[in-house]
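The structure appears below as structure tokens.
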Amino acid sequence: MINNNLKYCRETLEMTQKELGYIFGVAESTVSGWENNNDIMPLNKLFKFCELYGFSLDYVTGLSKKNIKYKNIGKLNRTKVGKNLKAIRKKLGLTQTKLAKDCTISQTTYSNYELGIRLITTITLYTLCKKHNLSMDEVIGRIK
């Protein structure tokens, strides 16, 4: 479960759940689900929130207690994220099978993330980063 700071970040911006929902085209109840960990905010929406309002993914998801300002990269690129995942896996000396097992997904699904066929999910990225002490921001290509 992600120990998220989304509610705190939203309240810091003096924004209601309804207003945040409007920005993302979702219902207020969906935002409530994200904030209460009843549902996981999709990575593309989480990324957009962080880019728009100057938060790090690590801070919003609770991986870090400090909000580090990263360079805005504009758009989330699944191919670039995939290449970063592969480079990190090789640096750690792990197999796709091992990382998939760590994240409780299939090796095929993990392979699709590395190949850029699919964008990694928020929960899988969070799990990978938590287990291997990595930064979500750096994995997706946001650099200090």
Side-chain angles (χ1 to χ4, degrees), residues 1-10 13 15 17-144:
M1 196 60 86
I2 294 176
N3 180 20
N4 78 64
N5 292 318
L6 181 60
K7 181 178 180 179
Y8 174 79
C9 294
R10 177 186 55 77
L13 298 167
M15 186 182 295
Q17 288 180 339
K18 187 174 185 172
E19 291 168 331
L20 186 58
Y22 177 79
I23 290 167
F24 292 115
V26 299
E28 181 179 349
S29 60
T30 300
V31 175
S32 176
W34 294 339
E35 290 181 352
N36 295 310
N37 282 323
N38 295 327
D39 197 7
I40 304 296
M41 188 178 206
L43 186 57
N44 61 339
K45 291 186 183 336
L46 177 59
F47 171 79
K48 182 179 176 183
F49 177 78
C50 292
E51 288 276 296
L52 285 172
Y53 300 109
F55 293 106
S56 73
L57 292 165
D58 296 328
Y59 180 70
V60 175
T61 60
L63 286 174
S64 173
K65 294 182 189 253
K66 185 177 178 185
N67 185 35
I68 298 171
K69 298 289 182 181
Y70 287 92
K71 176 183 171 190
N72 282 6
I73 59 173
K75 193 172 183 182
L76 193 55
N77 182 316
R78 70 176 187 239
T79 303
K80 184 176 178 181
V81 172
K83 287 179 182 177
N84 291 345
L85 287 168
K86 184 175 183 176
I88 289 166
R89 176 179 56 79
K90 289 186 174 207
K91 184 178 178 182
L92 293 172
L94 300 173
T95 64
Q96 286 184 348
T97 303
K98 168 64 173 134
L99 286 180
K101 185 177 179 183
D102 287 349
C103 298
T104 62
I105 59 174
S106 73
Q107 182 275 327
T108 302
T109 298
Y110 186 83
S111 177
N112 285 336
Y113 296 152
E114 276 194 10
L115 293 170
I117 294 169
R118 293 180 54 207
L119 180 63
I120 192 168
T121 65
T122 305
I123 193 66
T124 301
L125 180 57
Y126 174 84
T127 303
L128 175 71
C129 290
K130 181 95 172 157
K131 287 187 181 248
H132 296 282
N133 198 28
L134 302 169
S135 164
M136 290 177 73
D137 292 282
E138 291 179 17
V139 171
I140 66 156
R142 294 176 92 197
I143 302 167
K144 294 179 193 175

Item to complete: Measure across Ser32 and Gln17 and return the closest heavy-atom pair with its distance rounded to 0.1 Å.
Response: CA-NE2, 3.5 Å

Item to complete: Report yes if the side chains of Tyr113 and Thr121 come closer than 4.5 Å at any heavy-atom pair, otherwise no.
Response: yes

Item to complete: Begin with the C-alpha distance, continue with both residues' side-chain angles, and end with the deciding distance and a verdict on side chain to side chain contact (heavy atoms under 4.5 Å, CB included) for Val81 and Ile120.
Response: CA-CA 8 Å; Val81 172; Ile120 192 168; 4.1 Å; yes

Worksheet item: At what distance, to the nearest 0.5 angstrom, does OH of Tyr53 lie from CE of Met15?
Response: 3.5 Å

Worksheet item: In Å, rounded to the nearest 0.5 Å, how long is the span from CD1 of Ile123 to CE of Met41?
Response: 14.0 Å

Worksheet entry | Non-hydrogen atoms of Ile73 and Glu51 that approach each other most closely | N-OE1, 3.1 Å

Worksheet entry | Atom pair OG1/CD of Thr109 and Gln96 - distance to nearest 0.5 Å | 11.0 Å

Worksheet entry | Identified side-chain contact (heavy atoms from CB on, under 4.5 Å) counterpart of Cys9 within the set Val60, Asn4, Asn67 | Val60

Discussion item. Quick check: do Ile40 and Tyr126 have side-chain heavy atoms less than 4.5 Å from each other?
Written reply: no

Discussion item. Looking at Val139, is its backbone amide N or carbonyl O close enough to the side chain of Asn84 to form a donor-acceptor pair, meaning the two atoms are under 3.5 Å apart?
Written reply: yes

Fill in: Min side-chain heavy-atom separation Leu13-Glu19 under 4.5 Å
no

Discussion item. Restricting to non-hydrogen atoms, name the atom on Cys50 and the atom on Leu57 that form the minimum distance, rounded to 0.1 Å.
Written reply: SG-CD2, 3.7 Å

Response to the item:
Closest heavy-atom pair, Lys75 versus Phe47, reported as atoms and distance to 0.1 Å, is C-CE2, 3.9 Å

Item to complete: Take His132 and Asp102 through the side chain to side chain contact (heavy atoms under 4.5 Å, CB included) test and state the conclusion after the steps.
Response: CA-CA 10 Å; His132 296 282; Asp102 287 349; 2.7 Å; yes

Worksheet item: To the nearest 0.5 Å, how far apart are CG in Asn37 and NZ in Lys7?
Response: 12.0 Å

Practice prompt. State which residue, out of Leu134, Thr127, Leu128, fulfils the side-chain contact (heavy atoms from CB on, under 4.5 Å) condition with Lys131.
Written response: Thr127

Response to the item:
d(Asn5 CG, Asp58 CG) to nearest 0.5 Å is 11.0 Å

Item to complete: Measure across Met136 and Thr61 and return the closest heavy-atom pair with its distance rounded to 0.1 Å.
Response: SD-OG1, 3.5 Å

Discussion item. Within the structure provided, determine whether Phe55 and Tyr8 are in side-chain contact (heavy-atom separation under 4.5 Å).
Written reply: no

Worksheet item: So, do Lys45 and Val26 sit near enough that their side-chain heavy atoms are less than 4.5 Å apart?
Response: yes

Worksheet, complete the sentence: Heavy atoms of Tyr70 and Arg142 approach each other most closely as CD2-O, 3.5 Å

Worksheet item: Do the non-hydrogen side-chain atoms of Trp34 and Phe24 ever get within less than 4.5 Å of each other?
Response: yes

Worksheet entry | Within-4.5 Å side-chain heavy-atom neighbours: Leu76 and Ile140 | yes

Item to complete: Evaluate the side-chain proximity of Leu99 to Leu85: yes if any heavy-atom separation is below 4.5 Å, no if none is.
Response: no

